[in-house]
Amino acid sequence: MNIFRLAGDMTHLASVLVLLLKIHTIKSCAGVSLKTQELYALVFATRYLDIFFNFVSFYNTIMKLIFLGSSFSIVWYIRRHRIVRRSYDKDQDTFRHLFLLLPCLLLALVINERFTFKEVLWTFSLYLEAVAILPQLVLLQRTRNIDNLTGQYVFLLGAYRALYILNWIYRYFTEEHYVHWITWIAGTIQTLLYGDFFYYYFQSWKNNVRLELPA
Amino acid sequence: DSEPEGHDEL
């Protein structure tokens with residue numbers, strides 16, 4: 001494992017912990033998109049299906065369990081926790097899951113590395129992860145009032161994606177037979193979606209003002 | 001020297 005991959009995973013872990021910490025300690029999910037969180041739970045459920053049959057390393061298994069556990073806990077908190085769920089703004093978080101789910105499923109059935117159940121689901125999870133942040137970005141733009149933790153959460157997620165791209169470049173030049181076009185294209189699109197957010201995040205950080213996205 | 005089965009990234 002190279003340093004970019006490790007840093008990417010740790011940033012991903014940090015993003016999830018920041019969000020869980022916010023929800024657990026402040027008992028509020030204001031500004032958090034349940035739609036995005038449900039999509040991530042589905043991303044992990046479909047991608048880590050191999051957890052029972054395909055042992056890569058102790059590290060991989062633990063990380064998979066953490067991402068599965070944390071994503072389902074976050075969804076549980078927002079839907080079921082008696083205090084947290086009151087802060088969920090359903091009327092602002094209106095993005096339709098199906099608009100993302102269906103195209104990803106169709107695309108995974110058509111464009112994949114191998115047409116097997118496991119591989120199609122894996123590919124579906126890649127496509128879905130690429131766009132799963134959209135409901136959250138739309139919500140941020142709508143509410144405009146972004147608290148620090150939510151801003152940090154999205155920033156860390158974007159940083160994780162950017163580090164994964166560096167990891168792929170590194171692996172491409174250091175490993176033989178390391179070519180995964182589908183992963184790379186989906187991952188690059190995913191990272192580009194954060195471009196706008198990054199711009200405003202850095203602006204607010206540089207000028208030391210509250211993060212606000214333009215309407 | 002074929003590619004190993006499965007995916008090793010998260």
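Small disclaimer: the values here were computed from a predicted structure and weren't measured. Scope of the values below: all heavy atoms of this structure, side chains included, with no hydrogens, waters or symmetry mates. Labels below follow one simple rule: chain letters A, B, ... track the order of the sequence lines, proteins then strands, and each chain is numbered from 1.
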Engineer: Under 6.0 Å from the CD1 atom of A:I3, do we count more than 12 heavy atoms belonging to anything else shown?
Structural biologist: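 Not more than 12 within 6.0 Å, no.
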Engineer: Which atoms of A:Y48 are under 4.5 Å from chain B, going by heavy atoms: the side chain, the backbone, both sets, or neither?
Structural biologist: side chain
Engineer: Can you tell me if OH on A:Y170 sees more than 12 non-hydrogen neighbours from other groups inside 6.0 Å?
Structural biologist: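 12 or below, so no.
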Engineer: Between B:H7 and A:V56, what is the shortest heavy-atom contact and its length?
Structural biologist: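 For B:H7 versus A:V56, the nearest heavy atoms are O-CG2, 3.6 Å.
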Engineer: Where does A:Y164 contact chain B at under 4.5 Å (heavy atoms): side chain, backbone, both or neither?
Structural biologist: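 A:Y164 touches chain B through side-chain heavy atoms alone.
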Engineer: Would you mind checking which part of A:F55 comes under 4.5 Å of any heavy atom in chain B, side chain (CB onward), backbone (N, CA, C, O), both or neither?
Structural biologist: neither
Engineer: Measure A:D9 against the heavy atoms of chain B and call it side chain, backbone, both or neither at under 4.5 Å.
Structural biologist: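 Side chain of A:D9 only, per the 4.5 Å heavy-atom cut-off to chain B.
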Engineer: Crowded around A:Y172 OH? As in, over 12 foreign heavy atoms under 6.0 Å?
Structural biologist: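 Not more than 12 within 6.0 Å, no.
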Engineer: With respect to chain B, which residue among A:K64, A:M1, A:H12, A:R5 yields the maximal number of heavy-atom pairs within a distance under 4.5 Å?
Structural biologist: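 It is A:R5.
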Engineer: For a quick test of reading the model, state the closest non-hydrogen atom pair linking A:M63 to B:L10 and the distance between them.
Structural biologist: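 Residues A:M63 and B:L10, closest heavy atoms: CB-CD1, 3.5 Å.
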Engineer: In plain terms, say whether A:R171 and B:E9 are close enough for a salt bridge, that is, a side-chain N and a carboxylate O under 4.0 Å apart.
Structural biologist: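 Looking at A:R171 and B:E9, the cut-off is met.
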Engineer: With a cut-off of 6.0 Å (strictly less than), are more than 12 heavy atoms of other residues, nucleotides or ligands near CH2 of A:W76?
Structural biologist: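 Yes, CH2 of A:W76 has more than 12 neighbouring heavy atoms, counting only those of other groups under 6.0 Å.
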